[in-house]
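Heavy-atom basis, side chains included; hydrogens, waters and symmetry copies ignored. Starting from 1, each residue takes its place in the sequence as its number.
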Amino acid sequence: MIKKQKILIIVLSVLFAALIVGYFAVIKPIVDREEPQETTAPVETEAAGEVVGFNDRILMFEHTEKKDIRSIEVHNNYGTYTFYRDADDNFQIKGFEGIVFDQELMSSLVVSAGYTLSMAKVDDPVSMEEYGLVKMTQEDGTVWEPAWYKLTTKTGIEHVVYIGYPLVTEGGYYAKYAGRSEVYVLNTDLAKTILAPIEDMVTPMAVWPMAMNNYFTVDNFVLMEGEEIRIAIGYNSEEQRVGEFSNQVYHMIEPEGYNVSSIGYDAVLQTLYSSTPLRCIKLGITDEALTKYGLDNPAYSLYFEFPDPELGQVIENLVLISARNASGNYYIASGLFNQIIEVAGIDWDFLTWDFIDWVDAPIFQRNIDYVREIRVESPNFSETYLLEGKGQALVVTQKSNGRKPDVPNFRQFYKTLLTASIEGNMPAEMTEADLTALATPANCQLTLTIITDSTTLEYKLYPYTERRSYLTINGDGRFYMLRSMADKIIADADRVTRDEPINSEGKY
């Protein structure tokens, strides 16, 4: 099952550029911005369609409120986008249905497009080129093209407005209504709405939204660096927290045998739940965008499953993550939301954690009732203990001679095993070749094998200094333990065979 999961994750990462589907359920607008009210009854002016608005200033066309708008189509230097009403009368971004957008900015867009209260009207305007209101080649050889938008009302009326150059004072923009020769001056709010990229309107999202009471239910969490799985962690539901796993909320899938640090891993999940992305930098994932932001060959990728209680289904999250950018942040491509966002490097610092930050120090934490065999092997001592029964009915048998040692004393030995802990990382200067040369049968200080109802765990210790021993768990080696701890395990195992009192908290 674990191998299949690995293969699935790698395949998903390779095919991610094609994964631009799966938008989440439509979220109803939560606010409607109150729009300016006209204080003067509109009257016709010298240009057909003009009306007089607040403070006797001219509107290019009659004020159109949000409730009366069917769609707003925008064309500017950043591209084209359209907001329209869907069958449920909610605004959507065309082609990106379901994407969450900023309701306040949407209200500002509605005001900019539907309430064209001019600051001034140009007297005797010269050619439209003078105001940047037509497409033309400028003196420097660049092509200028005015921004424009089309507002369509629910009754089918269309209003098309062109936006030209900014004033020299930068206090507004020249504008014209399609089909007229009049030139107006609109305020600078246009810079944040009609003239801004659609990305500014989008609520940046990396992963499916979670809540305080369920963020910790994330399952099959897999973090990859390049094409290698760095760590994979599973969630034990309440139904699964039975038997030997009764006290374990999480279990390590890859690499096997380690205990998950509940403190460290919870901090990671809280980041996914509560951190706010900085901005959306690209709506609509493309090959070009992936390359531009270093996501065609991502430094990292993250996959996890979240059982959404409201939808009653498991949501698969897969994101590609760049290396740190010049600002120390990360770019993230989210397939669920079809966008590339930027997140703060400090929020996602777990990407560069050492493995030791993900694991709990104790190497073994299982209930004795579910242990079936403990084998202790060293150069000077070897014995296997067979365990049967649970609780007060526990019976221990030495495999070598059939002797049944004192159970209370054996439980003290078991406590010794529970206190065996990782002390730190192996020295950075030690290469894989060095570790391989160290982990030889002749140099093995202790082999501890524990067989439970569900798994077999093998711990090996190889001394390399006077105080430290290199630890491998099921063949995976990253950390060291105190050499004296290995010596105590051996000594206490020997004491069991002679019913000699064991002090699990004492030294060797």
Side-chain angles (χ1 to χ4, degrees), residues 1-13 22 24 205-225 228-275 300-319 321 332 334-336 347-351 353-367 370 422 452-457 473-474 476:
M1 175 63 76
I2 294 173
K3 179 177 288 184
K4 290 182 178 178
Q5 289 177 335
K6 294 180 185 177
I7 294 173
L8 174 60
I9 300 310
I10 294 173
V11 170
L12 284 172
S13 298
F24 67 101
M205 301 185 75
V207 298
W208 193 262
M210 297 176 278
M212 174 65 78
N213 63 350
N214 59 31
Y215 74 90
F216 50 84
T217 62
V218 162
D219 195 12
N220 291 324
F221 176 100
V222 181
L223 175 62
M224 300 180 67
E225 184 169 4
E228 294 185 4
I229 295 177
R230 176 188 287 183
I231 193 166
I233 297 173
Y235 173 71
N236 296 327
S237 66
E238 291 186 9
E239 294 76 15
Q240 294 171 313
R241 263 173 265 164
V242 295
E244 63 184 282
F245 301 105
S246 58
N247 296 320
Q248 294 187 13
V249 179
Y250 305 106
H251 63 277
M252 192 78 73
I253 299 173
E254 177 70 27
E256 288 184 287
Y258 295 92
N259 297 315
V260 179
S261 169
S262 57
I263 296 176
Y265 186 50
D266 184 72
V268 174
L269 297 185
Q270 286 206 39
T271 292
L272 299 179
Y273 146 65
S274 64
S275 67
Y300 312 95
S301 57
L302 174 63
Y303 171 89
F304 67 86
E305 298 166 4
F306 174 69
D308 189 299
E310 293 186 8
L311 294 180
Q313 65 184 73
V314 175
I315 306 299
E316 293 184 276
N317 294 260
L318 175 62
V319 297
I321 308 166
I332 293 180
S334 171
L336 274 179
D347 288 343
W348 287 63
D349 64 346
F350 67 85
L351 294 172
W353 279 5
D354 285 337
F355 182 67
I356 197 170
D357 298 317
W358 296 88
V359 302
D360 215 2
I363 64 172
F364 178 74
Q365 294 288 292
R366 301 287 175 88
N367 189 317
Y370 304 95
I422 294 166
T452 72
D453 283 345
S454 65
T455 189
T456 297
L457 299 168
I473 301 179
N474 288 353
D476 182 83

Pairwise distance CE(Met212) to OG(Ser274) - rounded to 0.5 angstrom: 7.5 Å
Results of ring pair (Phe, Tyr, Trp, His ring centres under 6.0 Å) for Phe355 - residues two or more places apart only: Tyr258, Phe479
Sequence neighbours left out, what pairs pass side chain to side chain donor-acceptor pair (under 3.5 Å) with at least one residue falling in residues 229-241? Glu225-Arg230, Tyr235-Arg241, Asn236-His251, Ser237-Glu239, Ser237-Gln240
Closest non-hydrogen contact found for Ala232 with Val222 is CB-CG2, 4.0 Å
Asp360: which residues meet the side chain to side chain contact (heavy atoms under 4.5 Å, CB included) condition with it, sequence neighbours left out? Asn259, Pro362
Listed by chain and number, what are the ring pair (Phe, Tyr, Trp, His ring centres under 6.0 Å) partners of Phe364, not counting sequence neighbours? Tyr414
So, for Ile233 and Ile253, which heavy atoms are closest and what is the spacing to 0.1 Å? C-CD1, 3.8 Å
CA sep, side-chain torsions, deciding dist, call: Ile363, Ile422, side-chain contact (heavy atoms from CB on, under 4.5 Å): CA-CA 7 Å; Ile363 64 172; Ile422 294 166; 3.8 Å; yes
Can any side-chain N or O of Asp476 pair as donor or acceptor with the backbone N or O of Ile473 at less than 3.5 Å? no
How long is the span from the CD1 atom in Ile315 to the CE atom in Met210, to the nearest 0.5 Å? 11.5 Å
Please report the interatomic distance OG1(Thr455) to CD(Glu256), rounded to the nearest 0.5 Å. 6.0 Å
Which residue, Leu311, Val218, Leu272, forms the side-chain contact (heavy atoms from CB on, under 4.5 Å) with Trp208? Leu311
Side chains of Gln365 and Asn247 in contact at under 4.5 Å (non-hydrogen atoms): no
Any donor and acceptor pair, going by atom type alone, linking the side chain of Tyr250 with main-chain N or O of Phe216 inside 3.5 Å? yes
Please determine whether side-chain contact (heavy atoms from CB on, under 4.5 Å) holds for the pair Leu223 and Leu351, giving the CA-CA distance in whole Å, both sets of side-chain angles, and the decisive distance to 0.1 Å. CA-CA 8 Å; Leu223 175 62; Leu351 294 172; 3.7 Å; yes
Would you name the heavy atoms of Thr271 and Asp347 that are closest together and state the gap between them? CG2-O, 3.1 Å
I'd like to know if the side chain of Glu305 pairs up with that of Asn220 as donor and acceptor (distance under 3.5 Å, no hydrogens or angles considered). yes
Check whether any side-chain heavy atom of Leu269 lies under 4.5 Å from a side-chain heavy atom of Phe306, and answer yes or no. no
Would you say the side chain of Ser301 lies within less than 4.5 Å of the side chain of Ile321, judging by non-hydrogen atoms? no
Got a second to check how far Trp348's CH2 is from Tyr300's OH, nearest 0.5 Å? 12.0 Å
For Ser454 against Arg366, the heavy-atom pair lying closest together: OG-NH1, 4.4 Å
Report yes or no: does Asn214 contribute a side-chain atom to a donor-acceptor pair with the main-chain N or O of Ala211 at less than 3.5 Å? yes
Residues, nucleotides or ligands: over 12 heavy atoms within 6.0 Å of Glu310 CD: no
Which residues pass the ring pair (Phe, Tyr, Trp, His ring centres under 6.0 Å) test with Tyr273, sequence neighbours left out? Tyr215
I need the minimum non-hydrogen distance between Ser334 and Ala206, along with the two atoms involved. OG-O, 2.9 Å
Could you pull out all residues at least two apart from Trp358 that satisfy ring pair (Phe, Tyr, Trp, His ring centres under 6.0 Å)? Phe221, Trp353
To check you understand the geometry: which heavy-atom pair defines the closest contact between Pro307 and Thr217, and what is its length? CD-O, 3.6 Å
Measuring only between side-chain heavy atoms, which start at C-beta, is Phe304 closer than 4.5 Å to Val207? yes
Can you find a heavy atom in the side chain of Val314 that is under 4.5 Å from one in the side chain of Asp308? no
